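Every value quoted in this text rests on a predicted model; they were computed, and no experiment measured them. When a residue number appears, it is its place in the shown sequence, counting from 1.
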Amino acid sequence: MSAQQVQCHADEEVAHKALRFLTAGSVDDGKSTLIGRLLFDSRAILADQLDALEKRAAGAPIDLSLLTDGLEAEREQGITIDVAYRYFATKTRKFIIADAPGHEQYTRNMVTAAAGSDAAVVLVDITKIDWKAKTETTAVPLLAQTRRHSLLAQLLRVPSIVFAVNKLDAIEQDTETAFKNVEASLRAFAEQAGIEVKGVIPVSALRGDNVTTPSANWPWFQGPTLLQVLEQLPASDERHDGALLHPVQYVTRDSVGEGDASASGTGHQYRAFWGRIAHGSVKAGDDVQIFPSGQSAIVVEVRHAAEVVDRCEAGQSAGIVLDRQVDISRGDWIATPGSIKPTDQFTATLAWLDTEPAVVGRKYWVRHGNRWVQARITAIDSRLDIHTLEDNDAEQIAVNEIGRVQIQTQQPLPVEAYLDNRVSGALIVVDPTTNRTSGALLVKAA
């Protein structure tokens with residue numbers, strides 16, 4: 001296969017997979033307007049939606065942010081509160097967009113959107129930044145939420161991060177210098193934080209400059225548009241090689257009539273254990289082990305979308321039928337024998353989202369896969385300063401802070417490093433008193 005054929009094959013793979021991306025950044029940076037612009041320019045707006053926006057505008061330019069800010073409270077306050085998902089497609093690719101809130105109070109919603117995204121577009125409102133403050137030794141100061149959202153996207157293993165410097169149309173003169181000063185600051189921050197940047201693009205979401213078409217107003221920028229960058233970004237993919245790890249989410253029991261072949265060999269009924277494969281693959285004939293019981297069995301049938309298939313891989317939802325009756329329920333794991341090494345103690349990065357700070361010794365509920373267990377923080381190793389990116393000593397982790405902690409769970413869990421796998425390496429922390437989602441744990445090492 002020639003190099004050209006390989007490149008064509010790679011381009012086809014990119015085009016085949018839909019890209020899930022979120023918009024992040026500080027409040028009022030223009031995230032909802034940017035998504036509205038992408039939808040508008042790609043003609044992904046229904047005629048009745050466009051008609052309603054034009055009537056609401058009453059002759060003025062339409063407010064594109066209303067395409068995603070659907071809650072009444074969002075429209076009243078002019079801010080995004082919940083995550084809004086929108087879909088659009090170009091000639092080369094399909095996209096799923098998550099419009100994440102920028103306000104600190106709703107950081108947990110941003111974390112939810114980032115956890116399943118292939119890319120993050122972090123908007124930077126240049127009108128909020130003193131871009132003239134750059135010197136030979138001093139970078140332009142960035143907003144705290146810009147730093148926080150970028151760091152969270154990196155911690156949540158979002159593979160591709162793009163910075164969009166928005167509202168350059170509000171700079172009356174010297175726009176090139178303004179952009180380059182902010183770009184230099186963003187790249188310096190990203191390098192210090194270990195963030196691989198896929199692009200820094202000057203845009204005007206309101207006017208449409210460099211969003212889907214190149215800007216005629218800024219001839220000094222010859223780079224790609226935001227859409228061109230997004231069309232080339234890879235979609236993340238969990239690893240298909242290695243051992244199977246399958247979290248059981250749902251159990252079905254089907255009857256087999258007389259004369260029908262029961263692949264499971266379990267009589268006139270068989271049970272299928274459904275879930276989305278975390279990593280590896282499964283096929284009939286594979287030996288498996290059940291966690292936490294430790295029992296062994298053989299796979300006799302694999303189902304996908306209600307049909308029997310030869311094989312299922314990571315990222316696919318599968319129903320596994322075994323050769324014998326085994327006590328398995330929601331929250332259990334099916335894995336390659338010997339591959340699971342459960343532990344009740346591990347080190348993790350904690351992104352805290354609750355107004356009540358995280359403290360050592362307090363008990364919480366944590367969810368790992370589909371299993372709930374009690375846990376407690378045994379030690380707080382450090383807290384990250386998002387301005388200096390230094391780890392400092394801390395006795396607690398406050399709302400919207402990030403730290404490194406030691407966790408002990410009531411039962412052993414099959415955790416892996418989050419960098420290796422999103423499913424087995426992530427846990428949700430819930431306050432047992434208020435039932436609030438208090439934080440997200442990203443396993444560093446068992």
Take Asp209 and Arg207 through the salt bridge (charged side-chain N to carboxylate O under 4.0 Å, His left out) test and state the conclusion after the steps. CA-CA 6 Å; Asp209 297 82; Arg207 207 166 59 184; 2.6 Å; yes

So Glu395 and Ile380, side chain to side chain contact (heavy atoms under 4.5 Å, CB included) or not? Walk me through it. CA-CA 6 Å; Glu395 295 182 355; Ile380 296 176; 6.0 Å; no

Before giving the answer on side chain to side chain contact (heavy atoms under 4.5 Å, CB included), spell out for Leu186 and Leu142 the whole-Å C-alpha distance, their side-chain angles and the decisive distance to 0.1 Å. CA-CA 8 Å; Leu186 288 168; Leu142 301 174; 3.8 Å; yes

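Heavy-atom minimum distance, Phe163 versus Val197: CE1-CG2, 3.7 Å. Residues Trp218 and Asn210 approach most closely at CE3-ND2, 3.6 Å, considering heavy atoms.
Contacts of Phe95 classified as ring-ring contact (aromatic ring centres under 6.0 Å, His included), with partners at least two apart in sequence or in another chain: Phe88. For Ser185, the side chain to side chain donor-acceptor pair (under 3.5 Å) criterion is met by no residue, not counting sequence neighbours. Partners of Glu191 under the side chain to side chain donor-acceptor pair (under 3.5 Å) rule, at least two apart in sequence or in another chain, do not exist in this structure. Every side chain to side chain donor-acceptor pair (under 3.5 Å) that Glu196 has, sequence neighbours left out, goes to Lys198.
Ring centers of Phe179 and Trp220: under 6.0 Å apart, within the cut-off.
A donor-acceptor contact closer than 3.5 angstrom is absent between the side chains of Glu313 and His279. Thr409 and Gln374 form no side-chain donor-acceptor contact under 3.5 Å, judged by distance and modelled atom types alone. Using a 3.5 Å distance cut-off with no hydrogens or angles, the side chains of Asp125 and Asn166 do not pair a donor with an acceptor. A donor-acceptor contact closer than 3.5 angstrom links the side chains of Ser281 and Arg311. Between Ser438 and Trp352, the side chains place no donor N or O within less than 3.5 Å of an acceptor N or O (distance only, hydrogens not considered). Looking only at atom types and distance, the side chain of Thr177 has a donor-acceptor partner in the side chain of Asp174 under 3.5 Å away.
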Using distance only, find each side-chain donor-acceptor pair of residues 385-394 under 3.5 Å and give its atom names and separation, not counting sequence neighbours.
{"residue": "Asp385", "atom": "OD1", "partner": "His387", "partner atom": "N", "Å": "2.8"}
{"residue": "Asp385", "atom": "OD1", "partner": "Thr388", "partner atom": "N", "Å": "3.3"}
{"residue": "Thr388", "atom": "OG1", "partner": "Glu390", "partner atom": "N", "Å": "3.3"}

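The local environment of CZ in Arg362 is crowded, with over 12 non-hydrogen atoms from other residues, nucleotides or ligands closer than 6.0 Å.
Counting only residues at least two apart or on different chains, the salt bridge (charged side-chain N to carboxylate O under 4.0 Å, His left out) pairs with a member in residues 346-356 are Asp354-Arg436.
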